[in-house]
Amino acid sequence: MKRRILLAVGIFATVALSLLPFLWFVLTSFKSQTEIEAAPPAWWPSGSLDFYRSALFDHHLFDYVLNSVVVAGSTTLLALLLAIPAAYALARLTIPGKQGILAVLLCVSMFPQMAIAGPVWRLLDALGGLNHRWGVVLPYVALTLPLAIWLLASFFKELPPELEDAARVDGCGPWGTLFRITLPLATPGIFTAAILILIYAWNEFFFALLILTQPEQQTLPVGIALFQGEFTMPWGELAAASVVATLPLIGVVLLCQRWIVSGLSAGAVKG
Amino acid sequence: MMRAHAVLRRREGLAAWLMVAPALLVTVVFALYPVADSLWLSLHHIFVGIPQLGSPFVGLENYQALLHDPVAHQAFVVTLGFVVLSTLLELACGLIIALVIHERFRGRGLVRGAILIPWAIPTVVASQLWRYIFNDQYGFANLLLFGDRVTDYIPWLAYPSVALAVVVLADVWKTSSFAGLMILAGLQVIPGDLYDAARVDGATVWQRFWHITLPLLKPALLLALLFRTMDAFRVFDLVFVMTQGGPGDATQVLQFYGYQTLFTEGRIGYGSAISVAVFLMILALSLTYLRAIGSNLLERRGS
């Protein structure tokens, strides 16, 4: 009995503390300017949509959303495209220097962004990628590859090798085996990797700040970080933009919670 | 027969390399080469906007300057404080979260999803959110504490030590669930019969927690500590949005100082030296942790 009460308190407290702070932004986004600026500020909103309208039309919110969708989408596709064969080869085939490659990837995943920021900027400057969406996609792919490859390789290793061996005996080459046998079996693992890459690319701020300087190219995090009004901080529009930026993530998390939990804890168990 | 086998093997080796090569190429160009370039740049004096000075090679001069730079010292101390405070709190909160979501109850999936929301929220959004909550006029913190006594409202982020505490709080809110998931993975591999045996012997809930759960959770806790420490060391978004390093230099962290030096002031050589120093610190830290985790795993195997 005592245990059940303790559990109930625990559930209530963790859920409330997780959700309530953001609820203040949700409430704010539906307020009017006078309700925000009242002293004291109003608790409950009157349900106005003005801030959403103004964020969309006066604060480039539409551009930010579009850019974030393009950047996060292409990062995910490109990173998976590169990570799947690499992970398969590292998990199943004989490559000289396998341990070295895995160690280098692990090392890259620990890099502080600052350690590569200046040179990446110079590189993109030389390639003409500054202020282009593809200019952030390239470093994003490089920085998500280690996680994706580790995750997928450990997933591939857990698949039963018999099917692949049978395909091999029947004359299927490594590429054919990967695409016809392994890939269909590995969809849950690929899905997990895709979600984690997508969330990373949707949320990344540092490189986007350096590389994208025009609102027409900027992603949601940059737009929200640099949000400014003419005279005062436009908290209402900012709250509306934040809700728009976060809503898809809340959907993903609630729907894909199981895959995220397994993906994030995969590293911990094998550690 | 043997020849055919060898040919097949060689063909497989080639395919394996082709599979790895594109990923490796991107990693080399956008991660490994940049680190090497940072190292190279840090040995020069380069100022953006003063090209007539050229880029003279100065050896370790930038690193010597770094050792005597009071702002860098301050940023180091603040970063260290932030790392220690936030990771310890996150581990504690993560442990509670893990214990809760490890239990079986109805709607557990939904609860897990709800707890993951702060982790999924963009850090920039979380930063603006907490900045707004602690706003001096419109913030929820003041409204909750003082209601309509608006003259008592506190400008939280204007006080140096409070500002750092608010940044830590925002980080703890955002990433405790991640620590929780790592610890959950550790909880899931503790065999249940250990608890049954302890129960038969009359151990209380607390005794079971202290003598079974916590010791067996040590590897998972260390791993969560490793991940969180390295991530906390790289803190940037929170400081950029919430305080810009202020008030004074109260929340000046290494990554933000490096960013300012490199991109605001255009001191490429010195900024690169800061980046490399941060990189080396993280490398040293992770090697220390990995050694601790490694020996821990060996211990477990041995027993």
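The chains referred to below are lettered A, B, ... by the order of the sequence lines, with proteins before strands, and numbering in each begins at 1.
- No part of A:Leu81 comes within reach of chain B, as not one of its non-hydrogen atoms sits under 4.5 angstrom from that chain.
- Only the side chain of A:Leu238 comes within less than 4.5 Å of a heavy atom of chain B; its backbone N, CA, C and O stay farther away.
- Note on B:Ile274, B:Thr27, B:Asp237, B:Leu262: by heavy-atom pairs under 4.5 Å with chain A, the leading option is B:Asp237.
- With rounding to the nearest 0.5 Å, the separation of CE in A:Met233 from OH in B:Tyr132 is 10.5 Å.
- Only the side chain of A:Arg168 comes within contact range of chain B, with heavy atoms under 4.5 Å apart.
- Using a 4.5 Å cut-off between heavy atoms, A:Ile84 makes no contact with chain B at all.
- Of the atoms belonging to B:Ile268, not a single heavy atom falls under 4.5 Å from chain A.
- Listed options A:Ala79, A:Cys107, A:Ala117, A:Pro221 were ranked by heavy-atom pairs under 4.5 angstrom with chain B; first place goes to A:Pro221.
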For this session: Carefully, step by step, assess A:Phe206 and B:Phe240 under the rule ring-ring contact (aromatic ring centres under 6.0 Å, His included).
Result: CA-CA 10 Å; A:Phe206 183 73; B:Phe240 183 95; 9.1 Å; no
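- Between chain A and the options B:Arg131, B:Lys174, B:Arg108, B:Arg149, the largest number of non-hydrogen pairs under 4.5 Å is found for B:Arg131.
- Using a 4.5 Å cut-off between heavy atoms, A:Ile224 touches chain B through backbone and side chain atoms alike.
- Residues passing the side chain to side chain contact (heavy atoms under 4.5 Å, CB included) test with B:Gln137, sequence neighbours excluded: B:Asn135.
- With values rounded to the nearest 0.5 angstrom, A:Phe111 atom CZ is found 12.5 Å from B:Ser275 atom OG.
- Proximity to chain B is limited to the side chain of A:Tyr88, based on heavy atoms less than 4.5 angstrom apart.
- Neither the backbone nor the side chain of A:Val222 comes within contact range of chain B, judged by heavy atoms closer than 4.5 Å.
- Taking every heavy atom of both residues into account, A:Leu254 and B:Ala114 meet most closely at CD2-N, 3.9 Å.
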For this session: Under the ring-ring contact (aromatic ring centres under 6.0 Å, His included) rule, what do B:Trp130 and A:Phe22 come out as? Steps first, then yes or no, please.
Result: CA-CA 9 Å; B:Trp130 285 97; A:Phe22 193 69; over 10 Å; no
N/O donor to acceptor pairs below 3.5 angstrom from side-chain atoms of residues 134-150 of chain A, sequence neighbours left out:
| unit_1 | atom_1 | unit_2 | atom_2 | d |
| --- | --- | --- | --- | --- |
| A:Tyr140 | OH | A:Glu204 | OE1 | 2.7 |
| A:Thr144 | OG1 | A:Tyr140 | O | 2.8 |
| A:Thr144 | OG1 | A:Val141 | O | 3.3 |

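- Heavy atoms closer than 4.5 Å to chain B are found nowhere in A:Leu6, neither backbone nor side chain.
- Classification of the B:Phe263-A:Trp121 ring pair by plane angle, with boundaries at 30° and 60°, yields perpendicular.
- Of the two parts of A:Leu196, only the side chain, counted from C-beta on, holds a non-hydrogen atom closer than 4.5 Å to a non-hydrogen atom of chain B.
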